[in-house]
There are 2 protein chains.
Amino acid sequence: MPAKRPAARRPTMKDIARRAGVSESAVSFALNDRPGVSEVTRDRVRRVAEQLGWRPSTAARALSGEGAATVGFVLARPAHTLGVDSFFLQLVSGIQEVLARRHLGLLFQVARNVDDECAVYRRWWAEHRVDGVLVVDPRTDDPRQDLLDELGLPAVVIGGAPDERHPGLSTVWADDAGAMASLVDALHALGHRRIVHIAGLPGFAHTERRIRALRAEAERRGLTEVQSVTTDYSDAEGAAVTRRVLRATAPATALVYDNDVMAVAGVAVAAELGFSVPADVSVVAWEDSALCRMVKPWLSALSRDSVEFGRTAATELTALLDGGPARTVRVPVPRLIERDSTGAVRTG
Amino acid sequence: MPAKRPAARRPTMKDIARRAGVSESAVSFALNDRPGVSEVTRDRVRRVAEQLGWRPSTAARALSGEGAATVGFVLARPAHTLGVDSFFLQLVSGIQEVLARRHLGLLFQVARNVDDECAVYRRWWAEHRVDGVLVVDPRTDDPRQDLLDELGLPAVVIGGAPDERHPGLSTVWADDAGAMASLVDALHALGHRRIVHIAGLPGFAHTERRIRALRAEAERRGLTEVQSVTTDYSDAEGAAVTRRVLRATAPATALVYDNDVMAVAGVAVAAELGFSVPADVSVVAWEDSALCRMVKPWLSALSRDSVEFGRTAATELTALLDGGPARTVRVPVPRLIERDSTGAVRTG
DNA sequence: GAATGATCCTAAAGCGCATTAGTGGACCAT
DNA sequence: ATGGTCCACTAATGCGCTTTAGGATCATTC
């Protein structure tokens, strides 16, 4: 006979109170390190709780005003760009590390677009589900930040610009402009003058930052054959753009891809068109991952510590939840790892 | 002056009751489609709720016995194998699709190992956080299933074997053995006799299933030079094993990798050692993704619909939560997509 | 014209916890 | 002895919801 649900009952504070011979309130005080009980009683209560395997019911906690002990994370990208991105899993991994330490849960949701994402925030807020959220892929003119302000939902924007007029939101960002500048430096030093930047989704704040930075650098140096092309981050578009660019008369000598996936797709296309990397064209990926060492030649890449990025973001959020002020923190500038896909431009 | 938290109060049923001029219980009946209120009242209450933007507080719901409206998902793999795997994001994507429709939240956590994972389940259960969980990467002799049985926590095992003696758990699985058999069929027809299977983590149920299936097929055909080697799914180990295998005297003519990442790493090593794919060695990836079309030659792969896999699993879990019986459902056998990395064995 | 139901609704209790307002006693000062 | 302070603890309330037990009103029935 298949044993029916043992339905082991979860122990409650009442159980602890009974076993310890004190009132429920005493138990509450004892377990929350509040004054009002003697040390001996506190110890006894703690031991009983431990022994019973008691854990506070998040529902009850949340109901009595303590918050849900949960933070939210919404991923809103076109479905087909989700698959191959190593960044997010790493980011989430770092986030978890910090949250788990404080027993905070991570509520995860994928949405189709920013509007849906906003709806999710509204619902979470109304349902009392999360105490705060982590926002990724901030846009220029982002409706989410206004919404979060309005709801008063603590939030950390990951990858946002520091010039926010949303004083309630924390921001964790990398200096893409600086990274782009030093990248152009490096390429320029190698003799590259025709540079194409295969960017990510237009409207993303960091995409725009990189594009602007590239343009500024080009102007500063008087380079006229430098441009950015936006894509949807997919290998397909990365390949398509590469094809178009390399078929031009006087094709670019350096290609900068906004992610590793497109860069890999790009070198495949280059090879197919008879371009040798890096002899004919240099390739740089803006995101380092195992992928970059899985193709030949190994890809030079701008590397940052995505796990640490996640840790930082989560730390800021917990600070916010603790009542701290909103802050803007900058993570280290991505560093260029030169591997085999970049080289001096062919002379003559 | 920076506007302080507007602290917009969430509307409660009491607000609705007041505005609609009825009691709170009437509101509850009305909104939950329970008998006890007239249609006109029901409509009025619904309208007021709508207008106020009311949503039930999950905390309150959970507290009054309705469950947490949340399911859990723990990912326990060594950190470095997390990064490049496209399978999980797709799986989660499919899971979400089903859960979101019912407004079920997905609580996500990464753990270091199975023991930590068990601890997470215990905590979630004690904290009343989830109504059920989705379990991935089942092992042979898996402590999780016993634990979940013990806790009476509804669960769906994704990728488990169908021969479970855990009648309380649902299982969603793919017929790896069948897929392996047809794969060996195909390779055998191409003339391959020396086949090496670069498998995933030992102890994983599906790893063992594939290994057993390969051995069975080999025996059935009297092939003696067929073997499986386990790895940790990383590109590094995939490359290392490939190197070792191809350096052997009489190296294998066909390599079957348990994921796309290792397969890609493998072809790179093959090229490096002077092996041409597929002329000298055929390569198949057990998992199809954009990756397989990002290298040259394009990789032949066993393809399955991971998003649909996720949908199926989530559907089973919701059925379980609705009080349905535990079931074992099989998803379609992975299909071999023949691209450019497989071919007839070189004669002579 | 009282008993019987059916219908629509309200009152009240309870879920598990935090928190506020007591309560009784020990201990001190007057 | 009287009042005042601490101290360690208990009682009671509320969070937002579901649910059970009733009540009030009205139509039906013999």
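Quick note on labels: first sequence line is chain A, next is B, and so on, each numbered from 1. Scope of the values below: all heavy atoms of this structure, side chains included, with no hydrogens, waters or symmetry mates.
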Positive for side-chain hydrogen bond (donor to acceptor under 3.5 Å, both in side chains) with B:H166, one of B:D149, B:T171, B:D142: B:D149
Whole angstrom value for the distance that separates P of D:dT18 from CG of A:L63: 12 Å
Interatomic distance where NZ belongs to A:K14 and P belongs to C:dG16 [whole Å]: 7 Å
Heavy-atom donor-acceptor pair, B:S170 side chain to B:R327 backbone, under 3.5 Å: yes
Gap between atoms CG and P, on A:D43 and D:dC9 respectively (whole Å): 12 Å
Closest to side chain of A:W54, choosing from C:dC17, C:dT19, D:dG16: C:dC17
Partners meeting salt bridge (charged side-chain N to carboxylate O under 4.0 Å, His left out) with B:R123 (sequence neighbours left out): B:E127
Interatomic distance where NE2 belongs to B:H128 and P belongs to D:dG16 [whole Å]: 19 Å
Sugar-phosphate only, base, or nothing, as touched by A:S57 at under 4.0 Å among non-hydrogen atoms: sugar-phosphate
Sugar-phosphate only, base, or nothing, as touched by A:M13 at under 4.0 Å among non-hydrogen atoms: sugar-phosphate
side-chain N/O A:R10 vs C:dG16 OP1/OP2, d < 4.0 Å: no
Rounded distance in Å - CD (A:E66) to P (D:dG14): 18 Å
Euclidean distance, atom CG of residue A:D33 to atom P of C:dA18 [Å, nearest integer]: 12 Å
B:D305 side chain to B:V307 backbone, donor-acceptor under 3.5 Å: yes
Check: B:R330 side chain, B:V172 main-chain N or O, donor-acceptor pair, under 3.5 Å: no
Polar side chain donor-acceptor pair, B:T318 to B:T315, under 3.5 angstrom: no
Set out, line by line, the N/O atom pairs under 3.5 Å between protein and nucleotides 9-13 of chain C.
from   : atom 1 : to    : atom 2 : distance (Å)
C:dC9  : OP1    : B:T41 : OG1    : 2.7
C:dC9  : OP2    : B:S38 : N      : 2.7
C:dC9  : OP2    : B:S38 : OG     : 3.2
C:dC9  : OP2    : B:T41 : OG1    : 3.2
C:dT10 : OP1    : B:S23 : N      : 3.4
C:dT10 : OP2    : B:S23 : N      : 2.7
C:dT10 : OP2    : B:S23 : OG     : 2.7
C:dA11 : N7     : B:S25 : OG     : 3.3
C:dA11 : N6     : B:S25 : OG     : 3.0

Rounded distance (Å) that lies between atom P of D:dC15 and atom CG of B:D15: 11 Å
Phosphate OP1/OP2 of D:dT18: any B:R61 side-chain N/O under 4.0 Å: yes
Donor-acceptor contact below 3.5 Å, side chain B:R42 vs main chain B:F29: yes
Whole angstrom value for the distance that separates C1' of D:dC9 from CG of A:N32: 16 Å
